[in-house]
Amino acid sequence: MPRHRKTKIADLPLLPHSDASRLPSDLLPRVQRVPQKLRVPRIGCRASPTPQGFAHTVCSHARAALALTLTSLGMSGAVAQAGGDGVGASSAATPAGERVLSPVVITATRTERLQLDVPASVDLIDADTIRDAQLRVNLSESLVRVPGIVVLNRQNYAQDLQISIRGFGSRASFGVRGVRLYVDGVPATFPDGQGQVSHFPLNLAERIEVLRGPFSALYGNSSGGVIALTTQLAPQEPRFELTAAAGSDATWRAGFSARGGVDPYAFALDAGRFETDGARGHSAAQRDSLTLRVAFLDSPLGRVRLSLNALAMPDAQDPLGLTRAQWQADPAQASPVALQFNTRKTTRQNTLGGEIQSAVGARSTLTTALWLGDRTVTQYQAIPVNTQLATATHPGGVIDFDRVFGGGDLRLGTEWGAITTTVGLTAERLDEDRRGFDNFTGTGPAQVLGVQGALRRDEANRITTLDPYAQVEARVGDRWRLHAGLRSTEVRFRSSDRFIVGVNRDDSGQATYSGLNPTAGVVFRPTATTSVYASYGRGFETPTLNELAYRPDGSAGFNSALRAARSNNVELGAKAAWSTLRLQAAVFGVRTTDDIVVRA
């Protein structure tokens with residue numbers, strides 16, 4: 001039984017917010033009032049009511065487990081490969097007759113390293129695995145094969161996938177949090193740790209890397225793990241491809257992709273549409289996506305890569321949850337209130353990114369990455385009319401926000417013989433205009449539900465981050481690798497209320513969260529085909545903007561009582577790569593304090 005050390009944090013109510021998953025209709029009234037007894041659904045936590053009407057939850061939790069990856073390569077061989085013997089010119093001798101696989105090269109650790117030399121659990125999913133016999137619509141199709149990661153695909157495109165790695169991200173009732181996401185080096189995670197994966201271009205993917213364990217802390221806030229997708233971009237003969245797939249429930253996907261280029265130029269393009277009527281009533285969705293990448297591999301500035309990613313999902317229907325009785329009667333039905341309020345969500349997102357790699361002398365490489373994007377969401381929820389009218393401070397049943405986000409990462413990598421160092425600085429900023437409206441108009445017989453009504457909320461939010469970091473690796477002889485890293489993280493939130501009407505007071509607020517996250521690891525290579533390692537890392541996870549946007553009593557306003565969660569991670573592991581088999585085994589432990597829990 002895991003041990004639990006107790007600490008005191010503020011509680012967060014499960015209330016409607018942007019991109020939020022919906023509760024079953026029979027639970028909606030219950031979250032609008034303060035219960036006399038609160039139940040926290042986590043072992044080792046306890047809650048008690050306070051005079052203010054919200055709960056202070058005493059909670060800390062630990063996780064420990066054994067993760068095992070066993071991959072049979074058969075005739076397909078290895079995945080992404082690079083030459084070399086995997087240890088060095090003076091590596092341990094390979095037993096006679098044993099065929100050594102070309103080593104898998106990992107980039108999710110910010111520098112290219114052989115998988116056997118990384119003191120962390122890392123899995124790589126190659127292009128063939130992503131493409132073969134798969135619809136290529138949801139990331140869950142490929143991630144299901146990775147141990148230590150849970151991907152919940154509820155076939156509800158008004159919500160994104162729910163992804164957790166070793167428990168990080170499991171509290172998210174929608175979308176992805178606690179896990180860092182990247183597409184071609186551009187963050188798909190916002191500065192507050194909230195991310196989305198619906199725009200991942202699976203049809204163009206070359207590889208997906210999943211980094212788990214202590215070393216993911218080097219990515220800063222909410223990095224309980226890292227998922228990084230890289231698309232194909234290299235000079236080659238032009239190749240054009242039309243793809244299509246179809247299935248039940250009027251589900252289909254069609255796309256066009258192209259790639260090619262004459263050295264030193266390259267391009268890659270993917271455009272597609274996905275549609276479905278959904279497995280349940282009121283769950284139809286449409287998704288249009290576009291990815292364009294170009295490369296100038298020998299420019300005066302160095303190796304230049306540019307990328308554009310666009311996503312549009314208009315009016316994705318949300319069937320909501322069902323009560324037990326409704327599910328037993330017809331599991332494919334939509335909740336009656338979903339039909340009553342026509343629950344749906346419209347999402348549009350565009351991201352432009354660029355990266356320049358420049359040689360600085362004979363030993364160093366300077367990498368400069370910049371990105372800029374926007375995201376708009378309009379979401380109609382099934383909040384009862386009486387609930388919205390019960391208090392003047394209710395945010396309403398329609399969420400509407402516009403976000404502009406961007407940032408940059410500057411890092412210098414240097415080879416000093418047996419020592420490799422990386423120093424860098426990451427800065428990000430997000431500006432959001434958030435509004436809330438009633439989801440009805442009129443009264444009595446003239447009342448219309450599921451439409452935008454009166455304004456109930458209007459605010460401007462801003463998040464900024466500034467993170468310097470450093471990594472070092474030392475090769476001690478042919479068998480030992482020593483790794484260390486340090487990242488200082490500071491995340492600032494500021495909310496300015498622009499809806500101050502009558503009893504609706506000024507709900508502006510601000511908060512700053514900071515942490516110093518060290519990592520350390522050691523790798524030993526007994527043979528050319530095996531390695532054992534140990535690692536430690538300290539994690540840091542702030543509340544998201546959505547979590548800060550609601551006070552514990554359910555009213556709109558900045559919730560300054562929430563604190564950042566902090567975790568200590570340890571891992572022991574072993575890896576092997578034989579002629580037809582790859583093996584990873586890891587024992588890990590995670591202890592988290594000040595974790596945010598949801599009020600039942």
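Numbering starts at 1 and runs along the sequence shown. What you see below is based on every heavy atom in this structure, not just the backbone, and it leaves out hydrogens, waters and symmetry mates. Fair warning: this is a prediction, and the values are worked out from it, not measured in the lab.
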> Could you walk me through whether Leu161 and Leu139 pass the side-chain contact (heavy atoms from CB on, under 4.5 Å) check?
Replying inline: CA-CA 8 Å; Leu161 301 178; Leu139 195 60; 3.9 Å; yes
>> Evaluate Phe168 against Ser216 for side-chain contact (heavy atoms from CB on, under 4.5 Å), listing each step before the verdict.
In response: CA-CA 11 Å; Phe168 291 102; Ser216 59; over 6 Å; no
>> What verdict does the side-chain contact (heavy atoms from CB on, under 4.5 Å) test give for Arg462 and Arg492, after you've listed the backbone C-alpha separation in whole Å, the side-chain angles of each residue and the deciding distance to 0.1 Å?
In response: CA-CA 8 Å; Arg462 174 173 294 175; Arg492 295 178 178 268; over 6 Å; no
> Would Leu548 and Phe558 count as a side-chain contact (heavy atoms from CB on, under 4.5 Å) if you check the C-alpha gap in whole Å, the side-chain angles of each, and the deciding distance to 0.1 Å?
Replying inline: CA-CA 6 Å; Leu548 290 167; Phe558 195 83; 4.1 Å; yes
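The backbone N or O of Phe440 sits nowhere less than 3.5 Å from a side-chain atom of Asp438 that would complete a donor-acceptor pair. Not one N or O on the side chain of Lys345 forms a donor-acceptor pair closer than 3.5 Å with the backbone of Ala316. Side-chain atoms of Gln388 come within 3.5 Å of backbone N or O of Gly397 as a donor-acceptor pair. One N or O on the side chain of Arg253 and one on the backbone of Leu135 form a donor-acceptor pair closer than 3.5 Å. Side-chain atoms of Gln194 come within 3.5 Å of backbone atoms of Val176 as a donor-acceptor pair (strictly under, hydrogens ignored). With hydrogens and angles ignored, the 3.5 Å screen pairs no side-chain donor or acceptor of Gln379 with any backbone N or O of Ile399. In this structure, Thr367 contributes its side chain and Gln357 its backbone to no donor-acceptor pair below 3.5 Å.
Side-chain atoms of Leu233 and Arg305, non-hydrogen and from C-beta on, do get closer than 4.5 Å to each other. Counting heavy atoms from C-beta on, the side chains of Pro314 and Gln286 come closer than 4.5 Å. By the 4.5 Å heavy-atom criterion applied to side chains, Ser198 and Leu311 are counted as neighbours. Between Ile165 and Ile227, the closest side-chain pair of non-hydrogen atoms falls below 4.5 Å. His282 places none of its side-chain heavy atoms less than 4.5 Å from the side chain of Arg280. For the pair Leu516/Leu486, a side-chain contact is recorded, criterion being any heavy-atom separation below 4.5 Å from C-beta on. Between Asn342 and Leu449 there is no side-chain heavy-atom pair separated by less than 4.5 Å. Residues Thr465 and Arg429 have side chains not in contact (no heavy-atom distance under 4.5 Å, counting atoms from C-beta outward).
Taking every heavy atom of both residues into account, Trp371 and Asp409 meet most closely at CZ3-N, 3.9 Å. In terms of heavy-atom proximity, Ala565 sits nearest to Thr592 at CB-CG2, 4.2 Å. Listed here is the closest heavy atom pair of Asn504 and Ala392: ND2-O, 3.5 Å. Scanning all heavy atoms of the two residues, the minimum distance from Ala427 to Leu466 falls at CB-CD1, 4.0 Å. Nearest heavy-atom pair across Leu410 and Tyr469 is O-OH, 4.3 Å. Closest heavy-atom contact between Leu562 and Pro543: CB-CG, 3.7 Å.
Side chains of Asp402 and Thr376: no donor on one and acceptor on the other come within 3.5 Å. Side-chain N/O atoms of Gln317 and Asp315 include no donor and acceptor closer than 3.5 Å. Inspection of the Gln510 and Arg494 side chains reveals no N or O donor paired with an N or O acceptor under 3.5 Å. With 3.5 Å as the limit, one finds no donor-acceptor pair spanning the side chains of Asn517 and Arg487. Counted by atom type alone, Asn138 and Ser140 present zero donor-acceptor pairs between their side chains at under 3.5 Å. In this structure, a donor-acceptor pair under 3.5 Å is absent between the side chains of Ser508 and Asp497. Residues Asn221 and Thr542 bring a donor and an acceptor atom of their side chains to less than 3.5 Å of each other. Between the side chains of Thr251 and Thr276, at least one donor N or O lies within less than 3.5 Å of an accepting N or O. A side-chain N or O of Thr378 and one of Asp400 form a donor-acceptor pair less than 3.5 Å apart. Between the side chains of Asp184 and Thr231, a donor-acceptor pair is found at a separation under 3.5 Å. When only modelled atom types and interatomic distance are considered, Thr489 and Asp467 share a side-chain donor-acceptor pair under 3.5 Å. Using a 3.5 Å distance cut-off with no hydrogens or angles, the side chains of Asn546 and Arg434 do pair a donor with an acceptor. Judged purely by distance below 3.5 Å, without hydrogens or angles, the side chains of Asn350 and Asn309 never pair a donor atom with an acceptor atom.
A salt bridge between Arg177 and Glu547 is present, with a side-chain N of the basic residue lying under 4.0 Å from a carboxylate O of the acidic one. Between Asp288 and Arg273 there is a salt bridge, with a side-chain nitrogen of the basic residue lying less than 4.0 Å from a carboxylate oxygen of the acidic one. With salt bridges taken as basic N to acidic carboxylate O contacts below 4.0 Å, none links Arg348 and Asp374. Classification of Glu428 and Arg180 as a salt-bridged pair holds, one side-chain N sitting under 4.0 Å from a carboxylate O.
The CG atom of Leu320 sits 11.5 Å away from atom CD of Gln333, with the distance rounded to the nearest 0.5 Å.
Figure legend: cation-pi geometry between Arg403 and Phe401, with NZ or CZ positioned under 6.0 Å from the six-membered ring centre and within 45° of its axis.
The neighbour count for Arg566 CZ, taken as heavy atoms of other residues, nucleotides or ligands under 6.0 Å away, is above 12.
For an aromatic pair to be called close, the ring centres must be under 6.0 Å apart, and Phe274 with Tyr157 satisfies this. In this structure, Tyr513 has its ring center closer than 6.0 angstrom to the ring center of Phe493.
For the side chain to side chain contact (heavy atoms under 4.5 Å, CB included) with Phe405, the lone residue among Asp431, Thr351, Leu372, Ile463 that qualifies is Thr351.
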